[in-house]
Visitor: 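This is the structure, below, for whatever I ask next.
Every heavy atom of this structure was used, including side-chain atoms; hydrogens, water molecules and symmetry mates were not.
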Amino acid sequence: MKKLLFCIFGVYTAMLGHARCDDGPFLDYAIEDSVPADITAMPVSMNMDATGANVSTFDIAGIMLGMPFEDVHTLFFKDHGLYAPREKNSIIYTIHPDWKYNLDYECRQQNIFAPAELENCIRSLARHRGLLYASEVHLVRANTGETITVYFTSNATDNLVWRIVYNNDVDEVEGDAEKFENQRQKKILSFWQSVLDKYGAPNSGSDKWITTTNAYDPMMTAYYGALDLVDPGRNASDQARNVSDARENFKAKPYAF
């Protein structure tokens with residue numbers, strides 16, 4: 001595992017160099033294509049007489065925005081706390097699409113065109129250059145059915161937590177009978193009371209804790225049975241950094257004129 005962490009968290013300049021590590025450890029986890037984050041920076045406003053919340057200090061099960069992947073990995077994969085990695089594909093690795101396009105071009109310049117061989121070439125180059133990174137960690141608490149999904153920025157911005165999504169079953173209904181709806185309402189009430197006890201009253205609407213009215217600053221939203229703690233600005237900066245770096249390091253043919 002130390003070797004795995006070394007390969008993942010090597011100096012970022014490895015992107016431009018020739019760092020090497022074998023492919024073995026990555027075969028234990030899923031490697032998926034990067035997809036656009038399903039969040040938008042919508043305008044937010046502060047409640048009357050409310051003040052900004054220090055959302056950057058909020059935690060969900062001990063996970064905070066800005067935590068490095070290695071700290072989250074130690075907390076749940078080694079120390080065995082309340083949550084455990086889900087049974088399959090608990091860690092998702094990915095490559096930013098702009099870098100994947102670069103590597104696709106490089107591999108094709110080596111006359112590699114068969115889809116399977118092309119994908120292997122792309123992944124091998126990505127691993128060797130530190131471009132393959134842990135983008136998601138999936139955790140479960142078996143006795144309660146709670147789940148946590150943690151999202152990370154790329155190695156370009158130090159592979160840090162930018163989003164934490166928590167879910168439980170309080171909004172689920174077993175049936176249509178009055179007793180089930182009564183039980184559901186009590187579960188929701190208990191969950192909301194626990195949320196208020198931990199984070200205080202929302203300072204934006206009835207369900208949001210915001211740092212400032214800038215929608216790119218850290219915020220948390222509560223739903224029936226869910227919490228979404230997010231730093232849109234950190235994610236946006238990471239995306240922009242990858243696009244910029246990939247453009248600057250595109251290995252075009254050495255044209256001469």
Visitor: List in chain and number order the residues that pass side-chain contact (heavy atoms from CB on, under 4.5 Å) with L118, two or more places apart in sequence or in another chain; answer none if no residue qualifies.
Guide: D104, C107, R108, I112, I122
Visitor: Among residues at least two apart in sequence or on other chains, which ones pass ring-ring contact (aromatic ring centres under 6.0 Å, His included) with Y199?
Guide: F58
Visitor: Measuring from H138:NE2 to I91:CD1, what's the distance to the nearest 0.5 Å?
Guide: 10.0 Å
Visitor: Under 3.5 Å, is there a donor-acceptor pair between the D228 and T221 side chains?
Guide: no
Visitor: Rounded to the nearest 0.5 Å, how far does CG of L139 lie from CD1 of I60?
Guide: 11.5 Å
Visitor: Check N159, N155, T153 against T157 for a side chain to side chain donor-acceptor pair (under 3.5 Å) and give me the one that passes.
Guide: T153
Visitor: For A61 and I148, which heavy atoms make the closest approach, and how far apart are they?
Guide: CB-CD1, 3.6 Å
Visitor: Mind checking what makes salt bridge (Lys or Arg N to Asp or Glu O under 4.0 Å) contact with R234, not counting sequence neighbours?
Guide: D231
Visitor: Hey, does M219 have a side-chain heavy atom less than 4.5 Å from the side chain of V230?
Guide: yes
Visitor: Shortest non-hydrogen contact from A236 to Y216?
Guide: CB-CE2, 4.1 Å
Visitor: Which side-chain N or O atoms in residues 41-49 pair as donor and acceptor under 3.5 Å with protein atoms at least two apart or in another chain?
Guide:
from: N47; atom 1: OD1; to: G205; atom 2: N; distance (Å): 2.7
from: N47; atom 1: ND2; to: P202; atom 2: O; distance (Å): 3.4
from: N47; atom 1: ND2; to: G205; atom 2: O; distance (Å): 2.9

Visitor: Which heavy atom of D98 sits nearest a heavy atom of A246, and at what distance?
Guide: CB-CB, 3.7 Å
Visitor: Please collect all disulfide bond (SG atoms under 2.5 Å apart) contacts where either partner lies in residues 202-240, sequence neighbours excluded, each pair once.
Guide: none
Visitor: Just jot down the ring-ring contact (aromatic ring centres under 6.0 Å, His included) partners of Y101, sequence neighbours excluded, or say none.
Guide: none
Visitor: Please determine whether the number of non-hydrogen atoms from other residues, nucleotides or ligands lying under 6.0 Å from atom CD of E178 exceeds 12.
Guide: no
Visitor: Just jot down the salt bridge (Lys or Arg N to Asp or Glu O under 4.0 Å) partners of K187, sequence neighbours excluded, or say none.
Guide: none
Visitor: Who else is in the cluster with F180 when I, L, V, M, F, W and Y are joined by side-chain contacts under 4.5 Å?
Guide: V173
Visitor: Give me the ring orientation class for H73 and F69: parallel if the planes are under 30° apart, tilted from 30 to 60°, perpendicular past 60°.
Guide: tilted
Visitor: Using the test salt bridge (Lys or Arg N to Asp or Glu O under 4.0 Å), find all partners of R141 that sit at least two apart in sequence or belong to another chain.
Guide: E146
Visitor: Going by side-chain contact (heavy atoms from CB on, under 4.5 Å), name the residues that satisfy it together with E106, two or more places apart in sequence or in a different chain.
Guide: L103, L125, R129, K251
Visitor: Measuring from atom CE of M220 to atom CG of D59, what distance do you get when rounded to the nearest 0.5 angstrom?
Guide: 9.5 Å
Visitor: With a 4.5 Å cut-off on side-chain heavy atoms, are S90 and F77 touching?
Guide: yes
Visitor: Angle class for the Y151/W162 ring planes (parallel below 30°, perpendicular above 60°, tilted otherwise)?
Guide: tilted
Visitor: Just how far is it from atom CZ of R123 to atom CG of L132, taken to the nearest 0.5 Å?
Guide: 8.0 Å
Visitor: Are side-chain heavy atoms of I210 and D217 found at a separation under 4.5 Å?
Guide: no
Visitor: Which distance, rounded to the nearest 0.5 Å, do you find between the CG of N235 and the CG of L65?
Guide: 11.5 Å
Visitor: According to side-chain contact (heavy atoms from CB on, under 4.5 Å), who are the partners of A226, at least two apart in sequence or on a separate chain?
Guide: N167, Y223
Visitor: Using the side-chain contact (heavy atoms from CB on, under 4.5 Å) criterion, which residues pair with S206? Sequence neighbours excluded.
Guide: none
